[in-house]
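The structure under discussion appears below in the form of structure tokens.
Within every chain, numbering begins at 1; the chains are lettered A, B, ... in the order of the sequence lines, protein sequences first and strands thereafter. This is a predicted model, so every value here is computed, not measured.
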Number of protein chains: 2
Amino acid sequence: MSETRWLGDDEQRAWRTYLRMQTRLAAALNRQLQTDSGMSLADYEVLVHLTDAPDGRLRPYELQRALEWEQSRLSHHLSRMQRRGLVERQDCPGDRRGAFVALTPAGREAITAAAPGHVETVRTLFFDALTPEQVDTLGQLAAQVLTRLDPASPAE
Amino acid sequence: MSETRWLGDDEQRAWRTYLRMQTRLAAALNRQLQTDSGMSLADYEVLVHLTDAPDGRLRPYELQRALEWEQSRLSHHLSRMQRRGLVERQDCPGDRRGAFVALTPAGREAITAAAPGHVETVRTLFFDALTPEQVDTLGQLAAQVLTRLDPASPAE
DNA sequence: TTGAAATAGATGACGCATCATGTATGTTGG
DNA sequence: CCAACATACATGATGCGTCATCTATTTCAA
């Protein structure tokens, strides 16, 4: 077993700062969505994907891959969203194992109402704080880390 | 009410990539700690702070501020860690409302055993993918976002 | 064609995070 | 001094995320 390559001071500081930003930013975005629109960031993402789909509906397995969620997470989450009337489950004629998840009118209204505020918050809290060069570097850097996390997947 | 300032394509892409990296990196770090050391990242952070404290113990309210956690989150979390024998609660002579949380020997062993693998994973998955300039930009950028999130706190 | 394997999805258990609330003790202004 | 307020901490309820497991159906190879 080789020596641990500990982090240097600069790395420590950058890492800690990144972690803090990540935690706080996520919390702020969730809080905004929750208080202004009564939904979580997870709800938001589900609704966005459904909105982009033809007829506002998708097979759960498609949604799962788009979101990169675990299957059971999605299933549980859809159950909760269904209970709140944001989506509904429909039979799938072509594959009797499967199903469709579809936006309800209420779900469509909810995402329509939520989107502007959410995007505005992302812009205000994040992009407005950064230069275009920083945004560019971040995108590039994140892609590199993604490649390292999973060399197979295209990091975008 | 003014027009929504939607995100441009570049911004969309950078934002999505950042979100993906964030999610996957956190998942990978949690997985590594969980499988190699049987603890979560949250456990790890609690143990690190206790290790750095004199006598390996702190008042819960100090720990809370250091971690920037909600009070009840910490309380619940300490209960679970106590149940697993990683920490113990002690009376606080000076303030009878209060308490101390202290590392147990098992807790100390756990963090000592977990740290090298965790740091190595952070280095491998994150720092090894980046140039020093990128690390620098990230730290700077994160500090700016933190300032925007909370102008009062020193973003460090 | 049929049995094995893969796929689609649901579910229960359990740890985690937050919110609302409760209790005890300390602090302070009148 | 003491009533009001603030602080330290715990707890119960509920939504969320993961793991293990289950069922039903489809696919595929011998």
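- Comparing B:A99 and A:D43 against DNA chain D, the residue whose closest nucleotide sits nearer the 5' end is B:A99.
- Taking 4.0 angstrom as the limit, B:R59 places none of its side-chain polar atoms (N or O) nearer than this to OP1 or OP2 of D:dT7.
- Under the 3.5 Å distance criterion, the side-chain polar atoms of B:Q134 are matched with a main-chain donor or acceptor of B:T131.
- A salt bridge does not link A:R20 to B:D150: none of the charged side-chain nitrogens sits closer than 4.0 Å to a carboxylate oxygen.
- Rounded to an integer number of Å, the gap from CD of B:Q34 to P of D:dC19 is 9 Å.
- A side-chain contact (heavy atoms from CB on, under 4.5 Å) with A:L25 holds for exactly one of A:N30, A:L125, A:T121, A:V122; it is A:L125.
- Salt bridge absent: B:R31 and B:D36 never bring a charged side-chain N and a carboxylate O closer than 4.0 Å.
- Comparing atom distances between the A:H77 side chain and each of D:dG17, D:dT11, D:dA8 picks out D:dG17 as nearest.
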For nucleotides 23-29 of chain C, give me every protein contact, N/O to N/O, under 3.5 Å, one pair per line with atom names.
from	atom 1	to	atom 2	distance (Å)
C:dG26	OP1	B:R96	N	3.0

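- Checking side-chain atoms of B:R148 against main-chain N and O of A:T124 turns up a donor-acceptor pair under 3.5 Å.
- When the nearest nucleotides of DNA chain C are assigned to A:Y61 and B:S40 by heavy-atom distance, the more 5′-ward of the two goes with A:Y61.
- We find that A:R80 and A:D43 are not joined by a salt bridge, their nearest charged nitrogen and carboxylate oxygen being 4.0 Å or further apart.
- In this structure, the CG atom of A:L33 is 18 Å from the P atom of D:dG15, given to the nearest Å.
- Distance CG (A:N30) to P (D:dC16): 10 Å, rounded to an integer number of Å.
- Of the side-chain N and O atoms in A:R80, none sit less than 4.0 angstrom from OP1 or OP2 of D:dT14.
- Atom CD of B:Q64 is separated from atom P of D:dT7 by 12 Å (rounded to the nearest Å).
- Nucleotide D:dG17 holds its P atom 11 Å from the CG atom of A:L67, rounded to whole Å.
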Q.
Go through it in stages, so that I can follow the logic: the residues are A:T23 and B:E68, the test is side chain to side chain contact (heavy atoms under 4.5 Å, CB included), and I'd like the CA-CA distance, side-chain angles, deciding distance and then a yes or no.
A. CA-CA 10 Å; A:T23 304; B:E68 302 185 71; over 6 Å; no
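- Remark: side-chain polar atoms of B:R59 are paired, donor with acceptor, to backbone N or O of B:A99 under 3.5 angstrom.
- The distance between atom CZ of A:R83 and atom C1' of D:dG15, rounded to the nearest whole Å, is 9 Å.
- Residue A:E45 contributes atom CD, which lies 13 Å from atom P of D:dC16 at whole-angstrom precision.
- For A:M39 and D:dC16, the CE to P distance is 12 Å, given to the nearest whole Å.
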Filtered N/O pairs between nucleotides 18-22 of chain C and protein, under 3.5 Å:
from	atom 1	to	atom 2	distance (Å)
C:dT18	O4	B:H76	NE2	3.3
C:dC19	OP2	B:E70	OE2	2.9
C:dC19	N4	B:S72	OG	2.8

